[in-house]
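For the single chain, residues carry numbers from 1 onward in sequence order.
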Amino acid sequence: QVQLVESGGGLVQAGGSLRLSCAASGRTFTGYYMGWFRQAPGKEREFVAAINHSGGSTYYADSVKGRFTISRDNAKNTLYLELNSLKPEDTAVYYCARGPFITRGYSSAPASYDYWGQGTQVTVSS
């Protein structure tokens, strides 16, 4: 069992920044891809970013590329998402999730992620 707890969300003005954290406990997430997803009201959950087991490879949705940065600290069992140049359309609940094991390769599909946090709200005002 893996428990994931997100933190760091909040209300920020357009152009501002936030840093989200996702603390993992229970069975380690070492060896697995990790990802961030978001879900806005009335919309489906969408992929934001993913990172491989070592942190050496990262993947981003086109909508956040160049503005968001995903990273991980395996010694601390923590995943991060740095959000910069925020836009009102970034408003959503942000979720971290455990992805495929390294041997299965990268995926951006929510169905490929088996453990999810409870989410943290990010609201960007115009």
Side-chain angles (χ1 to χ4, degrees):
Q1 189 78 4
V2 175
Q3 293 81 41
L4 302 173
V5 179
E6 302 96 336
S7 61
L11 173 64
V12 63
Q13 289 188 333
S17 299
L18 285 172
R19 190 191 196 202
L20 307 183
S21 298
C22 172
S25 60
R27 294 179 62 181
T28 182
F29 66 26
T30 303
Y32 291 84
Y33 286 82
M34 293 294 295
W36 287 96
F37 292 78
R38 66 186 182 187
Q39 188 166 19
K43 296 187 176 181
E44 291 187 353
R45 191 168 298 189
E46 65 172 356
F47 170 77
V48 174
I51 189 167
N52 76 338
H53 70 295
S54 67
S57 295
T58 56
Y59 312 84
Y60 297 95
D62 288 343
S63 59
V64 307
K65 200 171 295 183
R67 299 188 298 122
F68 292 7
T69 302
I70 188 172
S71 61
R72 66 192 293 168
D73 185 335
N74 287 339
K76 295 182 178 180
N77 277 358
T78 303
L79 177 72
Y80 303 99
L81 185 68
E82 189 82 27
L83 294 71
N84 296 310
S85 302
L86 282 161
K87 305 175 182 179
E89 51 263 44
D90 294 318
T91 294
V93 177
Y94 283 70
Y95 300 90
C96 67
R98 192 184 78 168
F101 189 67
I102 181 177
T103 55
R104 293 179 53 198
Y106 155 73
S107 173
S108 63
S112 297
Y113 290 71
D114 54 1
Y115 291 99
W116 294 78
Q118 83 291 345
T120 185
Q121 177 71 47
V122 172
T123 303
V124 184
S125 63
S126 57

*Roughly how far, to the nearest 0.5 Å, is the CE atom of Met34 from the SG atom of Cys22?*
5.0 Å
*When you measure from the side chain of Arg98 to the backbone N and O of Tyr115, does any donor-acceptor pair fall under 3.5 Å?*
no
*Report yes if some heavy atom in the side chain of Tyr59 is under 4.5 Å from a heavy atom in the side chain of Tyr33; otherwise report no.*
yes
*How far does OG of Ser54 sit from CG of Asn74, to the nearest 0.5 angstrom?*
8.0 Å
_Hydrophobic clustering (ILVMFWY, side-chain heavy atoms < 4.5 Å, transitive) - are Tyr113 and Val93 grouped together?_
yes
*Say you draw a straight line from CZ of Arg72 to OG1 of Thr58; how long is it, rounded to the nearest 0.5 Å?*
12.0 Å
*With the side chain counted from C-beta on, respond yes when Leu4 and Tyr95 share a heavy-atom pair under 4.5 Å apart, and no when they do not.*
no
Do any side-chain atoms of residues 14-21 form donor-acceptor pairs under 3.5 angstrom with protein atoms, and if so which ones, sequence neighbours left out?
residue: Ser17; atom: OG; partner: Asn84; partner atom: OD1; Å: 2.8

*Closest heavy-atom contact between Thr78 and Lys76?*
OG1-O, 2.9 Å
*Are Ile51 and Tyr60 connected, step by step, through hydrophobic side chains (Ile, Leu, Val, Met, Phe, Trp, Tyr) whose heavy atoms are closer than 4.5 Å?*
yes
*Side chains of Arg38 and Val122: does their closest heavy-atom pair fall under 4.5 Å?*
no
*What's the shortest heavy-atom distance between Ala61 and Phe47, and which atoms?*
CB-O, 3.4 Å
*Answer whether the closest heavy-atom distance between the side chains of Val2 and Tyr32 falls below 4.5 Å.*
no
*Heavy-atom distance under 4.5 Å between the side chains of Phe37 and Pro110, does that happen here?*
yes
*Give the C-alpha distance, both sets of side-chain angles, the deciding distance and a yes or no for side-chain contact (heavy atoms from CB on, under 4.5 Å) between Trp116 and Arg45.*
CA-CA 12 Å; Trp116 294 78; Arg45 191 168 298 189; 3.2 Å; yes
*If we only count heavy atoms from C-beta on, is the Phe101 to His53 side-chain gap below 4.5 Å?*
no
*asked:* Please check this pair: side chain of Glu6 against backbone of Gln118, looking for a donor-acceptor N/O pair closer than 3.5 Å.
replied: yes
*Is there a path from Leu83 to Leu79 through hydrophobic residues (I, L, V, M, F, W, Y) whose side chains come within less than 4.5 Å of each other?*
yes
*Considering only heavy atoms from C-beta outward, does the side chain of Ile102 approach that of Asn52 to under 4.5 Å?*
no
*Roughly how far apart are Ser126 OG and Lys87 NZ, rounded to 0.5 Å?*
14.0 Å
*Take Leu81 and Phe68, measure what side-chain contact (heavy atoms from CB on, under 4.5 Å) needs, and give me the verdict at the end.*
CA-CA 7 Å; Leu81 185 68; Phe68 292 7; 4.2 Å; yes
*Side-chain contact, heavy-atom cut-off 4.5 Å: Thr91 with Gln121?*
yes
*Honestly curious: do Trp36 and Tyr80 fall in one hydrophobic cluster under the side-chain, below-4.5 Å linking rule?*
no
_Distance-minimising heavy-atom pair for Ser108 and Tyr106_ = CB-OH, 3.4 Å
